[in-house]
Amino acid sequence: MAFNNDIRNIYQKELADIRAAGIFKEERIICSPQNAEIEVEFPAGASRKHVINMCANNYLGLSSHPDVVEAARKGLDSRGYGMSSVRFICGTQDIHKELEAQLSKFLGTEDTILFPSCMDANAGVFEAVLNEQDVMISDRLVHASIVDGMRLCKAKTDTFKHSDMGHLEEKLQLHADARVKLIITDGAFSMDGDLAKLDQIVTLAEKYNALVFVDDSHASGFIGKTGRGTHEHCGVLGKIDIITTTLGKALGGASGGCVSGRRELVEMCRQKARPYLFSNTIPPVVVSGAIAVLDIISKTTERRDKLERNTSFWRKGLTEAGLIIKEGETPIVPVMLFNAKLSQDFANELYGEGIYAVGFFFPVVAKGQARIRTQLSAAHEPHHLDKALAAFTKVGAKFGILHKTKQEIIDQYGL
Amino acid sequence: MSELKKIILDYVKKEYLEEDDDREITYDSPLISGGIVDSFSMVSLKRFLETKFTIQIPDAKASPEAFDSVDNIILLLEEFNIR
Ligand SMILES: Cc1ncc(COP(=O)(O)O)c(C=O)c1O
């Protein structure tokens, strides 16, 4: 009975502190497949409600697509359920190699290695390719999984202000003497929905002999004319040395991630990346589904084109309704409310109107930057977006924030 | 001395605050424990001091405590006879 009352009290107090700080996270229970419309039980025990989902990373609407489900089922029948092994002992099937080859082709890279998740890819890649003679120079707003990966790596660290190319250049000059300089950025930033200036980053990398790392989790499959990602959008296909991405969002939404890029760097991951060496990779059923996803999106750009249309409709609609959004071109559209409590109240009212979206506030975003993050999907039909827009307009009017400036909203609700 | 302090404070503000960040930083503000300078970004502060004053600060001396405020940094520089 080592877990005695004194010890229990320590944790109960910590949990109480999290609650008191207003940052206690509650799960909402979805009782249907992931889609544009879902059945939700919230709070736990409440009666189920049919709502339009505006907060999934299901950008291409493939999470429950019949062709993907069917391919996964076939994979289950032909390759079984699990591997009971890590990759390099007896955990690699032909379909794992096939998926790796397809990802390289889709992303326009030399080679690819699968990881259990993109979190794992980011946790493993830096330590595998860099050592204490090197430096990692990261954008200050990179994803938490990159921060963790950098912590595990012995290379020196430095940062540049978000998307500030002048600052990045100063840092490249400052670290001119490092063996390898790696510039690290997200492709699409998940909280603001803005894109990295990869064209300028690549130019700087070439000027200062640095490598470029991009986490394209919120871009792979739909950003760029044929959906290859931020590098396609910025005209630098083939010039990114390391891309990490996830299969857990647009690309089927189940799970899994990868490191894709220069052959030698990918090979270093196969030799040294700990989440690859010491954890089972993606199961056959998910691999089979992901192969079907890449087949679908390599054949036609229909889904990313529809997503793009949905995105323009939604951005224009919210703006015309008088709400403040973060400008941009991605299907991540933050509706700015600035005040933390307002963001929570707004989301609750939306839920009452049958629209599921989540409010984000400090510490997930900066203080005074509270928002509802909406995300579009190719699964959204015009009637979904019409209904969601009507709800945002109604709730916005109720709180009296339509056609108000940022300052007016702050004056009314505080920061 | 106050000249030196100002140079360092100005650098910290320019390097670590965003344009719309109106946090007040003074000579005794906790930089690292106060979340203004994260551990990933500390290296540029060290590099700045080394280049500016042509010194080499050994890693053992470049602790988060030694860099935690402009006042602390001044104490560290005194060890290098910079005042
Ligand atoms: C930018 C970014 N990288 C990595 C991840 C982690 O992806 P995964 O779910 O595959 O671990 C996420 C997911 O939240 C993300 O947004």
Side-chain angles (χ1 to χ4, degrees), chain A residues 126 130 132-164 166-178 181-185 192 194 213 326 336 338 362-363 365-369 406-407 410 415, chain B residues 4 6-26 29-70 72-73 76-77 80 82:
Chain A
F126 303 113
L130 302 174
E132 42 293 278
Q133 299 161 274
D134 307 324
V135 65
M136 305 176 277
I137 307 175
S138 77
D139 188 287
R140 285 190 183 161
L141 292 189
V142 292
H143 189 256
S145 55
I146 294 179
V147 173
D148 285 8
M150 289 172 67
R151 284 208 183 107
L152 292 170
C153 173
K154 293 198 177 63
K156 281 197 250 340
T157 57
D158 206 339
T159 60
F160 59 97
K161 293 184 188 180
H162 178 52
S163 278
D164 183 333
H167 201 214
L168 170 59
E169 182 158 16
E170 278 174 32
K171 294 306 172 81
L172 288 165
Q173 291 164 349
L174 186 67
H175 297 286
D177 55 349
K181 297 177 279 291
L182 180 63
I183 305 170
I184 300 173
T185 183
D192 286 352
D194 57 325
F213 168 103
K326 286 252 178 202
M336 301 306 295
F338 311 105
F362 183 79
V365 295
K367 278 209 169 92
Q369 290 285 312
K406 171 178 177 184
Q407 196 52 49
I410 293 171
L415 265 186
Chain B
L4 188 60
K6 190 170 170 322
I7 293 173
I8 298 170
L9 186 64
D10 285 349
Y11 175 79
V12 168
K13 285 186 181 164
K14 177 175 132 309
E15 173 67 25
Y16 298 108
L17 291 188
E18 299 296 324
E19 255 155 45
D20 57 358
D21 192 335
D22 43 19
R23 278 181 292 183
E24 273 296 315
I25 304 186
T26 56
S29 300
L31 300 177
I32 292 164
S33 56
I36 291 162
V37 180
D38 67 49
S39 56
F40 284 178
S41 313
M42 219 180 80
V43 59
S44 44
L45 186 50
K46 176 171 180 277
R47 280 283 177 116
F48 166 76
L49 299 171
E50 290 178 333
T51 343
K52 181 91 196 163
F53 304 111
T54 33
I55 51 173
Q56 279 289 336
I57 305 173
D59 284 345
K61 280 200 190 293
S63 64
E65 295 74 40
F67 280 81
D68 204 28
S69 68
V70 176
N72 287 12
I73 293 168
L76 177 68
L77 290 178
F80 295 88
I82 293 161

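The chains referred to below are lettered A, B, ... by the order of the sequence lines, with proteins before strands, and numbering in each begins at 1. Here the structure is a predicted model, which means the values were calculated and not measured.
Of the two parts of F48(B), neither the backbone nor the side chain holds a non-hydrogen atom closer than 4.5 Å to a non-hydrogen atom of chain A. Contact of V135(A) with chain B is not made at all, since no heavy-atom distance falls under 4.5 Å. For L17(B), the part lying under 4.5 angstrom from a heavy atom of chain A is the backbone only.
Residues passing the side-chain contact (heavy atoms from CB on, under 4.5 Å) test with A155(A) are L130(A), D134(A), M136(A), C153(A), sequence neighbours excluded. Qualifying side-chain contact (heavy atoms from CB on, under 4.5 Å) partners for S33(B), counting only residues two or more places apart in sequence or in other chains: P30(B), D68(B). K61(B) is linked by a salt bridge (Lys or Arg N to Asp or Glu O under 4.0 Å) to E79(B), counting only residues two or more places apart in sequence or in another chain.
Most heavy-atom pairs under 4.5 Å with chain B: of the set H162(A), E170(A), R140(A), this distinction falls to R140(A).
Residues F40(B) and V147(A) approach most closely at CZ-O, 3.5 Å, considering heavy atoms. R47(B) approaches L174(A) most closely through the heavy-atom pair NH1-O, 2.5 Å.
At least one side-chain heavy atom of H175(A) sits less than 4.5 Å from a side-chain heavy atom of V43(B). Between R23(B) and K367(A) the shortest side-chain heavy-atom distance does not fall below 4.5 Å.
Note that the OG atom of S41(B) and the NZ atom of K171(A) stand 6.0 Å from one another [nearest 0.5 Å].
Residue-level contacts of residues 8-15 of chain B with chain A, in order of numbering, are K14(B), E15(B); threshold 4.5 Å between heavy atoms.
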